[in-house]
Amino acid sequence: MSEQITLTVAGAQREVEAGTTGTDLFGDDKAVLVMRVDGDLWDLHREVPAGAVVEPVTAQEPEGLAVLRHSAAHLLAQAVQQANPDAKLGIGPPITDGFYYDFDVAEAFTPDDLKKLEKAMLKIVNEGQTFRRRVITDAEGLEELKDEPYKCELIGLKGNAADAAEGAEAEVGGGQLTIYDNVRRDGSVAWGDLCRGPHVPSTKVLGNAFKLMRSAAAYWRGSEKNPQLQRVYGTAWPTKDQLKAYLERLAEAEKRDHRKLGAEMDLFSFPENIGPGLPVFHPKGGIIKREMEDYVRRRHIEEGFSYVGTPHVSKEDLFYTSGHLPYYADGMFPPLDLDGQKYRLKAMNCPMHNEIFRSRGRSYRELPLRFFEFGTVYRDEKSGVLSGLTRVRMITQDDSHSYVTPEQAPGEIKHLLDFILGLLRDFGLNDFYLELSTRDEDGDKKDKFIGTDEQWEVATQVLADVANASGLELVPDPGGAAFYGPKISVQARDAIGRTWQMSTIQYDFNMPERFGLEFQAQDGTRQQPVMIHSAKFGSIERFLGVLVEHYAGQFPAWLAPVQVLGVPVAEEYYDYLGEVGEKLRRAGVRVEMDTSDDRFPKKIRNASKSKAPFILIAGEEDRDNGAVSFRYRDGSQKNGVPVDEAVAEIAAYIASRNNTSPTAAEAPSEA
RNA sequence: GCUGGAGUGGCGCAAUUGGUAGCGCACCUGUCUUGUAAACAGGUGGUUGUGGGUUCGAGUCCCAUCUCCAGCUCCA
């Protein structure tokens with residue numbers, strides 16, 4: 001009597017009874033969390049309509065994993081409201097590596113609360129509650145959720161949920177309004193929440209591969225103007241092993257933290273008496289910074305840039321001319337008053353370079369004209385955003401400005417992009433993607449952008465063309481442009497897969513106008529150049545921090561503050577090894593000697609911890625043979641190398657700028 | 001800037017209900033020093049971020065302030 005319907009299940013046509021659910025189809029396989037029905041994710045307990053194309057979805061694919069995490073967020077909210085029925089619910093979407101849920105509670109969550117909540121969540125997991133979907137009308141929703149003001153607000157915003165708040169679409173989606181009830185085994189409803197779903201079939205699925213990480217405040221719907229809610233962050237994984245691996249990844253990142261390594265390795269510090277966000281570089285950090293700058297300066301000159309120099313302060317008017325001050329006064333330090341004339345610490349170099357450009361008449365024959373400098377700028381970053389070297393108030397930009405004709409712009413941008421990628425590779429970063437930051441078309445920040453629609457369109461198109469031609473992945477970033485023009489930024493992935501924003505290339509049609517820049521064209525007319533701004537590493541300070549983390553402090557030999565650490569086997573050999581050290585110094589190598597009165601094994605331990613790429617050892621045997629022995633970072637050794645050979649090998653390795661650590665396993669001079 | 005948490009010798013940490021500020025590493029001194037991740041002994045160093053307050057007595061409690069951490073917001 002039951003009607004038969006036809007479905008396409010996992011690619012194969014099947015005849016099933018009408019009313020068949022996803023659980024009927026896939027329930028045997030516990031790995032299946034939800035199903036994809038004609039492209040949309042559905043709960044397994046829903047009935048599949050006739051003619052549908054149905055596929056199982058597991059946590060192996062990103063969408064399945066997101067469902068798992070979304071369900072974990074629900075689990076958290078349930079636990080919170082169990083403990084505190086007065087807690088009002090915000091939103092609770094899945095995010096990278098986990099989830100969060102926002103609550104309006106009288107008291108912020110303590111670490112102790114998180115532990116208790118985790119236990120409560122585990123209890124719900126063990127009860128094996130099922131997520132049950134229920135379609136409601138807006139009116140029913142408003143009635144049922146009358147004690148949840150934030151949810152009601154979301155219902156009111158339904159339809160443009162994406163605008164309501166990042167993550168809000170996880171709650172109300174675009175279409176039907178649904179509530180998910182968590183049902184106990186006896187059929188009673190434990191808890192419910194407005195939610196678009198879908199969810200995993202049972203809380204059991206969440207196992208105990210979840211963990212609450214931290215709590216922090218977050219503005220409701222992401223706006224400073226709104227009240228702050230308490231956000232609880234958690235992580236959730238399909239298996240305990242994956243959770244463990246994730247926690248290990250975090251621990252690894254912590255070990256590489258440049259703030260920690262910077263202090264340990266005596267590279268830099270942030271003295272309280274100088275001020276927050278203002279780093280000082282110690283001798284060893286200074287070496288790395290200088291090596292970076294020397295190399296980058298050399299490469300710029302090779303690529304046709306002229307090195308220029310500009311002051312750190314200027315009359316305030318300059319920044320009105322550039323347009324920075326009216327727009328970004330908050331980001332600049334307050335003015336200094338000099339006999340009634342206001343001066344500002346510079347927050348950007350371009351106005352200064354423009355003054356160099358217009359210091360005399362320019363000919364088309366000079367273009368592209370490329371100015372470059374390590375320009376240190378000062379920005380009054382809000383106190384809460386400062387973070388080690390990655391966010392500072394003193395930023396040394398490896399900043400260049402190319403003045404070109406509009407026709408030359410695409411070629412110059414390509415030139416810059418190739419140059420940048422080459423530089424990043426020279427420093428050992430090989431994995432990139434690009435971001436194209438454009439102006440906000442209609443958001444509330446639209447007014448921030450100056451220039452005509454046509455100018456923006458041209459500029460954006462030029463950048464997009466070059467970016468696309470590069471073959472790299474290109475991610476759009478609407479609203480991320482500078483006020484004076486769109487930009488490409490290069491994002492680099494480091495050794496443990498984190499991405500860092502590095503270089504930027506900006507197309508600027510605006511500042512040449514404001515500064516009245518012009519050049520004389522072939523036909524004798526005066527024309528306006530286009531400016532291409534570019535910072536290769538963004539900031540030397542930040543890039544140094546990134547390199548510390550990328551290499552975990554084990555810098556490539558050419559950058560390492562101490563390239564060779566000499567370890568005599570005993571006091572008797574201090575002089576002999578000292579002579580080797582002298583030879584190395586004459587070859588331009590940075591050498592330190594361990595002349596402490598520690599005994600040999602302790603010296604080896606210290607040397608290993610020092611992160612020097614080459615450890616040179618000499619004892620009786622070596623001295624007899626006019627030789628020296630190598631110990632590398634990986635613990636491998638090479639004994640009895642004649643001194644001249646050793647010096648040549650080290651010097652060659654450094655000169656090669658090889659970014660991998662030397663080891664005995666490799667051929668000696670694979671430079 | 002907002003919310004929450006935290007500041008104890010150079011670094012990492014400890015100090016029962018408010019009752020003598022300790023330990024390890026580093027550093028200094030001495031005795032040592034012979035082949036690959038810690039020789040032994042002794043010693044210096046702190047007005048517990050800073051300024052107030054409560055108390056017979058404050059690292060511990062209260063207020064303010066500075067700095068750091070996490071997140072939010074921001075990032076020309």
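Proteins come first, then strands; the chains are lettered A, B, ... in the order of their sequence lines, and each starts at number 1. Basis for what follows: all heavy atoms, side chains included, without hydrogens, waters or symmetry-related copies.
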State which of [options] makes the closest approach to the side chain of [X].
| X | options | value |
| --- | --- | --- |
| A/Pro276 | B/U67, B/A76, B/C74 | B/U67 |
| A/Arg605 | B/A70, B/G71, B/A37 | B/A37 |
| A/Ala347 | B/A70, B/A38, B/A76 | B/A76 |
| A/Ala216 | B/U3, B/G71, B/A76 | B/G71 |

It should be established whether [X] places a side-chain nitrogen or oxygen under 4.0 Å from OP1 or OP2 of nucleotide [N].
| X | N | result |
| --- | --- | --- |
| A/Lys609 | B/A38 | no |
| A/Ser215 | B/G4 | no |
| A/Arg231 | B/A70 | no |
| A/Arg259 | B/A70 | yes |
| A/Lys638 | B/G35 | no |
| A/Tyr233 | B/C72 | yes |

Atom pair distance, as rounded to whole Å: [atom1] in [X] and [atom2] in [N]:
| X | N | atom1 | atom2 | answer |
| --- | --- | --- | --- | --- |
| A/Leu577 | B/U33 | CG | C1' | 15 Å |
| A/Glu224 | B/G71 | CD | P | 17 Å |
| A/Lys382 | B/C74 | NZ | P | 7 Å |
| A/Leu229 | B/G4 | CG | P | 13 Å |
| A/Tyr219 | B/C72 | OH | P | 11 Å |

Indicate the ring-plane relationship of [X] and [Y], choosing parallel, tilted or perpendicular according to the 30° and 60° boundaries.
| X | Y | value |
| --- | --- | --- |
| A/Phe270 | A/Phe268 | perpendicular |
| A/Phe372 | A/Phe374 | perpendicular |
| A/Phe483 | A/His324 | perpendicular |

Any donor-acceptor N or O pair under 3.5 Å, side chains A/Asp102, A/Tyr150: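 No - no donor-acceptor pair under 3.5 Å links their side chains.
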Between A/Thr310 and A/Lys346, a side-chain donor and acceptor under 3.5 Å: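 Per modelled atom types, A/Thr310 and A/Lys346 side chains form a pair under 3.5 Å.
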Mind checking if [X] touches a base, just sugar-phosphate, or nothing, with heavy atoms under 4.0 Å?
| X | value |
| --- | --- |
| A/Gln230 | sugar-phosphate |
| A/Arg599 | base |
| A/Phe270 | nothing |
| A/Ala218 | sugar-phosphate |
| A/Lys346 | nothing |
| A/Ser223 | nothing |
| A/Asn606 | nothing |

For [N] and [M], measure between their [atom1] atoms and round to the nearest Å.
| N | M | atom1 | value |
| --- | --- | --- | --- |
| B/G9 | B/U44 | C1' | 11 Å |
| B/G71 | B/G53 | C1' | 33 Å |
| B/G4 | B/C62 | P | 15 Å |
| B/A58 | B/G19 | C1' | 10 Å |

Sequence-distant partners of A/Ala627, side chain to side chain contact (heavy atoms under 4.5 Å, CB included), two or more places apart: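 Only A/Asp622, A/Asn625 meet the side chain to side chain contact (heavy atoms under 4.5 Å, CB included) criterion with A/Ala627.
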Member of A/Arg370, A/His533, A/His401 meeting the side chain to side chain donor-acceptor pair (under 3.5 Å) criterion with A/His353: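 Answer after filtering A/Arg370, A/His533, A/His401: A/His401.
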Presence of donor-acceptor pair under 3.5 Å, side chain of A/Glu572 and base of B/U34: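 Such a pair does not exist between side chain and base.
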Secondary structure string for RNA chain B (Watson-Crick or G-U under 3.5 angstrom, | for other-strand pairs): (((((((..((((.....[..)))).(((((.......))))).....(((((..]....))))))))))))....
A/Glu541/A/Arg393 ion pair, N-O < 4.0 Å: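 No, no charged N to carboxylate O under 4.0 Å.
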Pair A/Lys260 + A/Glu254, salt bridge at N-O below 4.0 Å: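 Salt bridge absent between A/Lys260 and A/Glu254.
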Sidechain-backbone polar pair: A/Arg633 side chain, A/Lys611 backbone, donor-acceptor under 3.5 Å: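 Yes, because the side chain of A/Arg633 sits within donor-acceptor range (under 3.5 Å) of the backbone of A/Lys611.
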A/Arg221 vs A/Tyr219, side chain to side chain donor-acceptor pair (under 3.5 Å): CA-CA, chis, key distance, verdict: CA-CA 6 Å; A/Arg221 294 177 57 205; A/Tyr219 296 108; over 6 Å; no
Evaluation steps, side chain to side chain donor-acceptor pair (under 3.5 Å), between A/Arg631 and A/Ser608: CA-CA 9 Å; A/Arg631 186 183 210 276; A/Ser608 305; 3.3 Å; yes
Residue whose nearest RNA chain B nucleotide is more 5′ - A/Ile604 or A/Asp330: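 First, find each residue's nearest nucleotide; the 5'-ward one identifies A/Ile604.
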Contact list for RNA chain B against residues 613-628 of chain A - heavy-atom distance below 4.0 Å: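 Only A/Ile617, A/Gly619, A/Glu620, A/Glu621, A/Asp622 qualify.
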